[in-house]
Amino acid sequence: MPRLSEVIAALENLWPAERAESWDAVGTVVGDPGQEVTRVLFAVDPVREIVDEAVTLGADLLVTHHPLYLRGTTTVAASTFKGRVVHTLIKNDIALHVAHTNADTADPGVSDALAGALDLRVVRPLVPDPTDPDGRRGLGRVCELDHPMTVRDLAARAAERLPATAQGIRVAGDPDALVRTVAVSGGSGDSLFDHVRAASVDAFLTADLRHHPASEFVADRAHSPLALLDAAHWATEWPWCELAAAQLDEISDRHGWDLRVHVSKTVTDPWTAHAASPATTDTSGAPN
């Protein structure tokens, strides 16, 4: 069986820590480099439900996309929910490793997995990494559809192919407009609007779109007559877990490690219910 240090070295080769954003917190959070690893669990969030799942599964290593501590802390007391996560991991000899923005920009990365889940053909990065001479790494992806479809149909495809969440898929723009090219970015994407405009795509699918940036973006029809599709943050990043697990499986086979690699199906999106407004075509104003 491989040691944790060997598995972490393989993961760092996939997602080097130096390619993470300066504000990010990636790498190994908990774990003894000398411990043996036989079973690995991939998930988006290092929350208590996922840690409990890792314990039940008998995992030796938990790999998550989101950091446990993105900002500094002065305590890991078990009286705090993050401290309880740390205590549970250590008591059960489970290591925790995080790949966040270094996985976002990887080749393949988070947005490649998102594009794959939607059957989109990746053309290039939306925001290329200037340090990549091959031009394949970077934030987001510019993609092509196998055949044109309406915004409405693209939203329906996203709702069907991505993990189900209370939010589903929200659309801004003409639902009947035709889409041939689409930009995608797993996770929060409204900081990429300028790059989306420059890409001259027909639609942009991402998550966490805020009112004011989205309103200003779609209002600027002269420069951006395209649609926005807003999915749940967790749902746009979960496909990466399957991609990452497959990558580690391939590494395990190559080295003869015989690792058992799993992907958590636990929904850790924080929203648990959605009440749709009554269908109406009346846009004359809000109720008094």
Side-chain angles (χ1 to χ4, degrees), residues 1-106 109-110 113 186-188 233-234 237-238 240-245 247-249 251-252 257 259-270:
M1 291 296 105
R3 303 289 179 179
L4 175 64
S5 58
E6 295 175 279
V7 179
I8 295 301
L11 299 182
E12 286 284 353
N13 189 55
L14 291 174
W15 317 298
E18 61 268 21
R19 291 185 187 151
E21 296 290 335
S22 59
W23 50 263
D24 206 358
V26 301
T28 305
V29 181
V30 170
D32 178 353
Q35 74 184 68
E36 289 188 343
V37 176
T38 61
R39 196 181 295 269
V40 183
L41 177 65
F42 282 86
V44 175
D45 296 301
V47 294
R48 183 59 189 267
E49 298 95 321
I50 297 299
V51 172
D52 288 345
E53 182 179 347
V55 172
T56 301
L57 185 66
D60 309 292
L61 171 60
L62 171 62
V63 181
T64 65
H65 183 51
H66 289 153
L68 178 62
Y69 289 104
L70 188 55
R71 298 173 179 83
T73 185
T74 60
T75 179
V76 291
S79 55
T80 65
F81 84 90
K82 291 188 177 184
R84 174 56 62 186
V85 164
V86 172
H87 278 252
T88 303
L89 289 168
I90 293 174
K91 284 182 178 180
N92 291 276
D93 292 322
I94 302 172
L96 171 62
H97 187 80
V98 173
H100 192 212
T101 53
N102 49 333
D104 287 334
T105 58
V110 171
S188 305
H233 189 121
W234 172 83
E237 293 180 332
W238 184 85
W240 171 80
C241 295
E242 291 195 320
L243 168 64
Q247 289 178 288
L248 183 56
D249 261 332
I251 292 169
S252 173
W257 286 347
L259 290 176
R260 286 162 287 180
V261 183
H262 306 263
V263 175
S264 173
K265 301 291 197 298
T266 302
V267 178
T268 54
D269 185 74

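A quick note: this is a predicted structure, and the numbers were derived from the prediction, not measured.
- Between His66 and Val98 there is no side-chain heavy-atom pair separated by less than 4.5 Å.
- Here the side chains of Ile8 and Pro33 are not in contact, with every heavy-atom distance at 4.5 Å or above.
- Nearest heavy-atom pair, Leu243 versus Gly109, reported as atom, atom and distance to 0.1 Å: CD2-O, 3.6 Å.
- A distance of 7.5 Å separates NZ in Lys82 from CG in Leu70, rounded to the nearest 0.5 Å.
- Nearest heavy-atom pair across Ala43 and Cys241 is C-SG, 3.5 Å.
- Aromatic ring orientation, His100 versus His65: perpendicular (interplanar angle above 60°, classes split at 30° and 60°).
- For the atom pair CD1 (Ile94) and CG (Leu61), the distance works out to 9.5 Å, reported to the nearest 0.5 Å.
- Between the Glu237 side chain and the Val110 main chain, no donor and acceptor come within less than 3.5 Å of each other.
- Heavy atoms only, all atoms of each residue included: Trp15 and Ala106 are closest at CD1-CB, 3.8 Å.
- Between Asp24 and Pro67, the shortest heavy-atom distance links the atoms OD1-CG, 3.7 Å.
- Side-chain atoms of Arg3 and Glu36, non-hydrogen and from C-beta on, do get closer than 4.5 Å to each other.
- With a 4.5 Å cut-off on side-chain heavy atoms, Trp238 and Val263 count as touching.
- Here the closest heavy-atom approach between residue Ala20 and residue Val26 is recorded as CB-CG2, 3.8 Å.
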*Passes side-chain contact (heavy atoms from CB on, under 4.5 Å), Leu11 versus Leu248? Steps please.*
CA-CA 8 Å; Leu11 299 182; Leu248 183 56; 4.1 Å; yes
*Report the C-alpha separation of Ile50 and Thr266 in whole Å, then their side-chain angles, then the decisive distance to 0.1 Å, and conclude whether the side-chain contact (heavy atoms from CB on, under 4.5 Å) test is met.*
CA-CA 7 Å; Ile50 297 299; Thr266 302; 3.9 Å; yes
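- Note that CD of Gln247 is 8.0 Å distant from CZ of Phe42, once rounded to the nearest 0.5 Å.
- In this structure, OG1 in Thr64 is found 5.0 Å from CG in Leu96, a value given to the nearest 0.5 Å.
- Using a 4.5 Å heavy-atom threshold, the side chains of Leu89 and Val51 count as touching.
- Atom NZ of Lys91 has 12 or fewer neighbouring heavy atoms from other residues, nucleotides or ligands inside a 6.0 Å radius.
- Taking CD from Glu242 and CG from Asp249, the interatomic distance works out to 11.5 Å, rounded to the nearest 0.5 Å.
- By the 4.5 Å heavy-atom criterion applied to side chains, Val7 and Val63 are not counted as neighbours.
- When all heavy atoms of Arg48 and Val85 are compared, the closest pair comes out as N-CG2, 4.1 Å.
- We find the CZ-OG1 distance between Arg19 and Thr101 to be 12.0 Å, quoted to the nearest 0.5 Å.
- Inter-residue side-chain proximity for Ile251 and Trp257 is flagged as met; some heavy-atom pair is nearer than 4.5 Å.
- Counting heavy atoms from C-beta on, the side chains of Leu41 and Glu53 come closer than 4.5 Å.
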